[in-house]
Structure formats: C-alpha cells, structure tokens
Amino acid sequence: MQNEQVKPNFEFVALMASLMSIVALTIDAILPAMADIGIAINSLDPTKNQLLVTMIFLGLGVGQLFFGPLSDSLGRKPIVYLGFTVFLVASIICLFAPNLEIMLVGRVLQGIGLSAPRTISISIIRDTYKGDYMAKIMSFVTAFFILVPVVAPAIGKAVMGITGWQGIFYMQLFFALVVGIWFYKRQVETLKPEYKVPFSFNVFIKGTKEIFRYKETVSCTMISGLITGSFLVYLSSAQHVFEELYGLTETFPYVFAGLALSVGFSTLMNGTLVLRFGMRNLSFAALVAFTIIALSYSLLFLNSKDPSITILLLFLSLQFLCLGFIWGNMRSIAMEPIGHIAGIGAAITGFISTILSIPISIFVGSFIEDSVWALFAGLGVCGLISVVLFMIFKTRPLFANNHAFSNQT
C-alpha cells in the first residue's frame, strides 16, 4: 500500500493537515485572550497562565501513547472519533472552569483528545507513503497546517471581541465537528486487517524495545523534543512578550502571524527541496543555523536590555525559518525504520518528544519576566545539544551521494 512515486491528491493533504490543525487552533486562538481568561478564573500571574498553553502538550504526549497502539488494533478511523469525543468533553470543562486548576484539567484533556487526530494523521501518512516522499508529504501537510497559527490569534481576537473568550472554545468545537464529518465521509481506513495487532500493554514494552533498536530514531525523537521544547517557550510566552514587554496589544495577532509565516515558508520549501538534497542533509544544516542564530543573540545581548522590536523580529524570523527544515524531517527520519509499527511507533516517539519538551518549556519560561534573553538562551542550548546528538547517532554520511541515500528505505 505504500508508495514512493504516486503523489497524493490535494484533498488528502488538506484533510491530514486539518486533523493536525485543530491542535494549532486550540493552542493559538486563545493567545490574545490569555489576560481575559486569567481575570475570569482569578489567575493574574502571567508565568502561571503560560501553563494554559504548556499543559495541552502534556495531554498530547500522554494521549498519543494510548491512541497509537489502539489504532494498530482497532483501525485508524475509530480512534479519531474517540479523540473528538474526549475533546468535546474537555472543551465544556474549560468553558465552565471556575479557577486555573480546573481550566488546566480541561486543557490537559483537550490535549489528550486531540492527540488522536494528530497521531493518527501521521500513521495514515506512514501507512500510505515512505522514504523521502513521506517527508515531502509531511512537509506539505505541515505547510498547510501552518496556515492555522498564522490566522488563529487574529480569529481568536475577533471572536473574543464579539462573544468574549468563551466564543473561542465554541469556535474550536465547530471546526472539530466540520473536520470530523469530512474525515468520516472521505477518508478510507488505511490499516489493512492483516496488519492489525491485538491491543495489550505488552505492546508498549515490545514497541519501545523495537524503537530503541534504531539509534537514529531515538536521537531524532530526542531532537524533536528539544526543539519543540525551546519553541514552546516562545509559544507560551508570546502574549506576555509582545503585549506586555513590547506593548503591542493591538498588533500582536499580526506579529504572531508574520512569524508563523516564516515557519510555513520554510516548510513549503522543504517539501520542494527534500527530494533533491535529502531529509538528513536539510535537517542538519537547519539545526546548525538554528543554533548559531540563537547563540548569536544570546551573546550580543548578554547583560543588556532587550533590543528594539525590529531586531527581535529579525532574529525570531531567521530562527523560525530553520524550523520548517527540522520538524517534518526529524519526524520522518525517526519513523522511517519503524513503518511496520507505525501506530505504536508514532505514539511512543511522539510521547517521548512531547514529555521532553514540557519541562524545558516550564523551566526556561519561568525566567521570561522582564526580558526575552532567556528565550534565545534556551533555543541555543537545545539547538547545540541537538546538533551533537545528530552527529553522534547519524546512520548515513551527510552531503555525499545525496540522491542515492535519500531514496533508500
């Protein structure tokens, strides 16, 4: 069923991207409303309110650990429906939460529910394609998916202006309903009956042992966690940085959108270039650039006040241009040798990378009160560790016989 040469149609890419996009909408649409939500639930500490973003990632990590293996047993489609149901319940909890603690429970459950469509979309792609063509498809799916963070804060701000912050959660539920119906009507089951595996907790042990047989899979999973964790620092603190430190209350959605476009542009370029240069070469070059940019900022502005907004946006734009060449490729490299256990493989690697990212985000984010320097320091350290891991555990030479290596699976 896997193909290396047959291109997917536009609807397939759009549907897979939409399944992933619900996560981005759920995270990014509330960013302009963070202060209002904090007031409504009597939580006025911006560093604590960052948990409204961070904790949804905890749910994503835990949820996919179970939904992935279940999808290998029951099929891909039933698990997506189950995830949407959990998301519905979680959203209702968030809507009526009286305090930060209950709201965080709802956000964790939202993450658990959304981990199903997020993880299963990757499994469906891996069921159907492999090699650099899988990386190409993942890049186009991710580029499509990036459009949601571009517009989500602006949409969230507009909805909030009409209905209050609660309207953002109702909007998310409506979008989930539309995508769920589309998925039900148009997507076929991609897991063949002969490949179904009876569910048991032993599948976690066997799957983990199988994954740890491949050192490149483990290293790329850890790299994904490090890079995601450093980016999550930005995501959770963006409203505080731009609205409170730089006073961009009205223009925050547009600044956020412009930076998201940087990621989207590079992701789209990765989909075009990956077949020519190979996913390993592109991701390594991007990791090196990512690290150099972050460390340069850290050295330039060490023990000094934050630069102008123009300089900050320049550094962040360059930083985010690198991400499009890292995320999709790292996930594809990690998944490449474990296609025979795509469901549990996506679940365990996703769990490891997500759980690794959360303490990074909470720790580094706690230092972002009066300055953004800690953000770039965190990006630089995570990038440096990632470069070292990639160099130590790579299984193929870089920048040599690119085409020959890129087409092997």
Side-chain angles (χ1 to χ4, degrees), residues 12 14-30 53 55-95 104-128 138 141-142 144-145 148 152 168-191 196-197 199 203-204 207 331 335 341-355 358:
F12 177 82
L15 180 55
M16 294 302 104
S18 296
L19 289 172
M20 294 185 182
S21 295
I22 304 174
V23 177
L25 183 67
T26 303
I27 295 169
D28 299 327
I30 75 161
V53 173
M55 285 299 99
I56 199 170
F57 283 85
L58 175 62
L60 288 169
V62 172
Q64 65 189 335
L65 192 61
F66 294 97
F67 287 138
L70 280 174
S71 77
D72 281 342
S73 177
L74 303 177
R76 310 305 186 202
K77 297 188 71 173
I79 302 307
V80 173
Y81 306 144
L82 178 59
F84 279 137
T85 303
V86 174
F87 177 69
L88 169 64
V89 175
S91 297
I92 294 173
I93 293 175
C94 290
L95 280 167
L104 291 178
V105 170
R107 292 294 277 178
V108 171
L109 287 175
Q110 278 191 321
I112 291 174
L114 292 180
S115 68
R118 179 175 181 255
T119 303
I120 301 312
S121 61
I122 296 172
S123 297
I124 289 173
I125 294 170
R126 185 61 186 90
D127 286 341
T128 313
M138 283 293 295
V141 167
T142 306
F144 200 119
F145 151 77
V148 175
I168 298 174
F169 287 92
Y170 287 116
M171 175 193 65
Q172 295 166 1
L173 284 171
F174 175 75
F175 183 73
L177 177 63
V178 171
V179 174
I181 293 173
W182 183 14
F183 181 79
Y184 170 75
K185 292 286 188 181
R186 300 291 294 170
Q187 179 60 47
V188 299
E189 176 61 60
T190 59
L191 182 65
K196 289 186 176 181
V197 179
F199 178 80
V203 75
F204 293 104
R331 197 68 191 266
M335 289 294 294
I341 53 167
I344 185 64
I348 294 176
T349 56
F351 172 78
I352 293 172
S353 64
T354 302
I355 295 303
I358 292 172

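Here the structure is a predicted model, which means the values were calculated and not measured.
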State, to 0.1 Å, how close G111 and L60 come at their nearest heavy-atom pair, and which atoms those are.
O-CD2, 3.3 Å
side-chain contact (heavy atoms from CB on, under 4.5 Å) between M55 and L58, intermediate numbers included
CA-CA 5 Å; M55 285 299 99; L58 175 62; 3.9 Å; yes
Looking at I22, is its backbone amide N or carbonyl O close enough to the side chain of Q172 to form a donor-acceptor pair, meaning the two atoms are under 3.5 Å apart?
no
Step-by-step side-chain contact (heavy atoms from CB on, under 4.5 Å) determination, R186 to F12:
CA-CA 9 Å; R186 300 291 294 170; F12 177 82; over 6 Å; no
Search all heavy atoms of L74 against all heavy atoms of K196 and return the closest pair with its distance.
O-NZ, 3.9 Å
Beyond-backbone contact of L173 with F87, side-chain heavy atoms, under 4.5 angstrom
yes
Which atom names give the shortest non-hydrogen contact between E189 and K77, and what distance separates them?
OE1-N, 3.1 Å
Please report the C-alpha distance between I125 and R331 in whole Å, then the side-chain angles of each, then the deciding distance to 0.1 Å, and finally whether the side-chain contact (heavy atoms from CB on, under 4.5 Å) criterion is met.
CA-CA 12 Å; I125 294 170; R331 197 68 191 266; over 6 Å; no
Looking only at non-hydrogen atoms, find the nearest pair between C94 and G106 and report the distance.
SG-C, 3.5 Å
Taking side chain as C-beta onward, heavy atoms only, is I348 less than 4.5 Å from L65?
yes
Could you walk me through whether L177 and F84 pass the side-chain contact (heavy atoms from CB on, under 4.5 Å) test, one step at a time?
CA-CA 8 Å; L177 177 63; F84 279 137; over 6 Å; no
Counting N and O atoms only, with roles assigned by atom type, does the side chain of S353 sit under 3.5 Å from a partner on the main chain of G350, one being a donor and the other an acceptor?
yes
Spell out, as yes or no, whether a donor-acceptor pair under 3.5 Å connects the side chain of Q64 to the backbone of T119.
no
What pair of heavy atoms forms the shortest contact from A116 to I79, and how long is it?
CB-O, 3.4 Å
Any side-chain heavy-atom pair of M16 and T128 under 4.5 Å
no
Run the ring-ring contact (aromatic ring centres under 6.0 Å, His included) test against F199 and tell me which residues pass, sequence neighbours left out.
F201
Heavy atoms of other groups near Y184 OH, more than 12 under 6.0 Å
no
Considering residues at least two apart in sequence or located in another chain, which fulfil the ring-ring contact (aromatic ring centres under 6.0 Å, His included) criterion with F66?
F204
Shortest non-hydrogen contact between W182 and S18, atoms and distance
CZ3-OG, 3.3 Å
For A90, give me all partners under side chain to side chain contact (heavy atoms under 4.5 Å, CB included), at least two apart in sequence or on another chain.
L109, Q110
Could you check whether any side-chain heavy atom of V148 comes within less than 4.5 Å of a side-chain heavy atom of M20, counting everything from C-beta outward?
no
Main-chain N/O of L70 paired to S73 side chain as donor or acceptor, under 3.5 Å:
no
